[in-house]
Protein chains: 2
Amino acid sequence: MPSARGRNLTFTEEARRAQLVDVTIELVAERGYAAASLGRIAESAGITKAGVLYHFPSKQALVEAAHEHVVSALVATVGAAVEAAGPAEGPAAYIRSMVGHLRERPRHVRMLIEAITSGASLTDSKERWSAVAELVSAARAARGVTGEVDVRSAALLIGGGIDAIVAESLRDSEYDAVAAAELLVEVVERGLLS
Amino acid sequence: MPSARGRNLTFTEEARRAQLVDVTIELVAERGYAAASLGRIAESAGITKAGVLYHFPSKQALVEAAHEHVVSALVATVGAAVEAAGPAEGPAAYIRSMVGHLRERPRHVRMLIEAITSGASLTDSKERWSAVAELVSAARAARGVTGEVDVRSAALLIGGGIDAIVAESLRDSEYDAVAAAELLVEVVERGLLS
DNA sequence: GTCTATAAACGGATAGAC
DNA sequence: GTCTATCCGTTTATAGAC
């Protein structure tokens, strides 16, 4: 894959880039976006500000790379889980895999939050809920459920529930996110899929 | 009420403080926390940076005052609505008043988001969900519902749903947040209160 | 009460040495 | 490929005039 630098990357370059993306995610996660300055990123990586800017043309490019990395990991996991499940179980698979994936990657969660609140162009809200809305529609069709439901709102409620569960398990590691996800699945089944 | 400055405030001081809190909320809402610098706040208020720091000892103090203002308005509205409703209708009243209040105050929403993501000490997550959890418990008792439910998770799902609805209506003013709130009420009734 | 002036630190980014 | 050195803008905050 050609890189953002317009040529192929050497192995060491690739490794450095990956390391920089990694420390960026960590810094954003632990101390917030504002604290993730070039200086601190460089320090965490063991090089200097200028060194960082050799690998990425600007701080924004680095942050975007970090954001992309996090999103790619998420969609890969969740996409596979949803496809593995049948249409009738799509929403449940989505909920379980989202909660499972994010619960195991607290640093990714912070990164996603910052990206969303910073009005990131990458995070089209519609992109998220419309995919979930289709899962809901497909599940209702597969189950032969009659009646009308606003699938957009249904999707938003599912997404909001997931966010809340993940956020809580981030704050309190004792919180049983898996059980909460099962409750959400049940509520969705009873309230939206029947 | 004695002020943070350790004495009573004159009327003009009070007015200035209120104005500064107001422009702070507006700036945070429109351009994000990072863009709400002392300089821009001062400019928006028609005075200078030093002038701002006469009224508030630091930028952080000003931001905290703005945050408190927003939270106070929210809890006053929602608290009244919940008390006006009976125990059986507590969760529904909570959902409707939260969505209604925040939908009418988009700037407050942004302020709240920034406060939460900035790891504000003021926003004890437990403080929010435990109050809602009690509403759920009371409603179940008032309705004579049997069976066990994790009220903490129930409260989190309600809160997450509200957040998602409000966020969406913030992004798309065409979105029917009131109808979405009714869907959430219905889902809660069917999935958590029966 | 609000101003000017200024300090001191930090932000991202560039040039050029090695 | 990474460093030193530097630039320039911006930030919060203070001192002291008016």
Side-chain angles (χ1 to χ4, degrees), chain A residues 2-28 30-67 114-115 118-120, chain B residues 2-28 30-67 114-115 118-120:
Chain A
S3 83
R5 292 189 71 80
R7 55 178 174 80
N8 287 333
L9 298 173
T10 67
F11 291 111
T12 65
E13 273 181 319
E14 198 68 73
R16 264 287 188 230
R17 285 174 62 94
Q19 184 205 11
L20 287 171
V21 163
D22 211 57
V23 303
T24 300
I25 292 172
E26 184 138 345
L27 272 174
V28 169
E30 285 180 358
R31 310 183 47 184
Y33 189 93
S37 66
L38 272 185
R40 270 192 266 263
I41 290 168
E43 190 187 13
S44 295
I47 59 178
T48 61
K49 287 195 285 181
V52 174
L53 291 173
Y54 168 78
H55 294 283
F56 291 90
S58 69
K59 186 200 172 181
Q60 197 185 342
L62 170 54
V63 170
E64 280 171 13
H67 180 225
E114 295 290 344
S118 295
Chain B
S3 84
R5 291 190 70 80
R7 56 177 173 77
N8 287 333
L9 299 172
T10 67
F11 290 112
T12 63
E13 273 180 320
E14 199 70 72
R16 264 285 188 229
R17 285 174 62 94
Q19 184 205 13
L20 287 171
V21 164
D22 212 57
V23 302
T24 299
I25 293 172
E26 184 136 347
L27 271 174
V28 169
E30 285 181 357
R31 309 184 46 184
Y33 189 93
S37 67
L38 273 184
R40 271 193 263 264
I41 290 169
E43 189 188 14
S44 294
I47 60 178
T48 61
K49 289 190 285 181
V52 174
L53 290 173
Y54 169 78
H55 294 283
F56 292 91
S58 69
K59 186 201 169 181
Q60 197 186 339
L62 171 53
V63 170
E64 279 171 14
H67 179 228
E114 295 288 345
S118 297

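These values consider heavy atoms only, across backbone and side chains, with no hydrogens, waters or symmetry-generated copies. In what follows, chains are A, B, ... by sequence order, proteins preceding strands, each numbered from 1. Keep in mind that this is a model prediction, so the values were computed, not measured.
- For residues 18-28 of chain B, every residue pair satisfying the side-chain hydrogen bond (donor to acceptor under 3.5 Å, both in side chains) rule, not counting sequence neighbours, is listed here: B:R16-B:Q19, B:E26-B:R107.
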List, with names and distances, any nitrogen or oxygen atoms from the protein found under 3.5 Å away from nitrogen or oxygen atoms belonging to nucleotides 16-18 of chain C.
none

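- Note: CD (A:Q19) to C1' (D:dT2) measures 13 Å, nearest angstrom.
- Between C:dT2 and B:Y54, no contact under 4.0 Å exists linking OP1 or OP2 to a side-chain N or O.
- At least one side-chain nitrogen or oxygen of B:T48 sits closer than 4.0 Å to the OP1 or OP2 atom of C:dC3.
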Practice prompt. Between protein and nucleotides 7-12 of chain C, map the contacts as a letter string: B base, S sugar-phosphate only, - none, heavy atoms under 4.0 Å, written 5' to 3'.
Written response: ----SB
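- Between A:A65 and A:F56, the shortest heavy-atom contact is CB-CE2, 3.8 Å.
- Here the CD1-CD distance, from A:I25 to A:E114, works out to 12.5 Å after rounding to the nearest 0.5 Å.
- As rounded to whole Å, 17 Å separates atom C1' of D:dG1 from atom CZ of A:F11.
- Taking atom CG of residue B:L62 and atom P of nucleotide D:dT11, one finds them 15 Å apart after rounding to whole Å.
- Of the two residues contacting DNA chain C, namely B:R16 and A:Q60, the nearest-nucleotide position lying further toward the 5' end is that of B:R16.
- The distance between atom CZ of B:F56 and atom P of C:dG1, rounded to the nearest whole Å, is 15 Å.
- C:dA13 atom C1' lies 16 Å from atom NE2 of A:H55, rounded to whole Å.
- A search for side-chain contact (heavy atoms from CB on, under 4.5 Å) contacts involving B:T48 returns B:A50, not counting sequence neighbours.
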For residues 30-44 of chain B, which side-chain N or O atoms pair as donor and acceptor with protein atoms under 3.5 Å away, sequence neighbours left out?
{"from": "B:S37", "atom 1": "OG", "to": "B:R40", "atom 2": "N", "distance (Å)": "3.3"}
{"from": "B:R40", "atom 1": "NE", "to": "B:A35", "atom 2": "O", "distance (Å)": "2.8"}
{"from": "B:S44", "atom 1": "OG", "to": "B:R40", "atom 2": "O", "distance (Å)": "3.1"}

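- At least one side-chain nitrogen or oxygen of A:T10 sits closer than 4.0 Å to the OP1 or OP2 atom of D:dG1.
- Minimum heavy-atom separation, B:S58 to B:L53: CA-CD2, 3.9 Å.
- Counting only Watson-Crick or G-U wobble pairs whose defining distances are both under 3.5 Å, the stems of 3 or more consecutive pairs in DNA chain D are C:1-10 with D:9-18, C:12-18 with D:1-7.
- For the pair B:V21 and B:A66, the tightest heavy-atom approach, listed with the atom from each and the gap, is CG1-CA, 3.7 Å.
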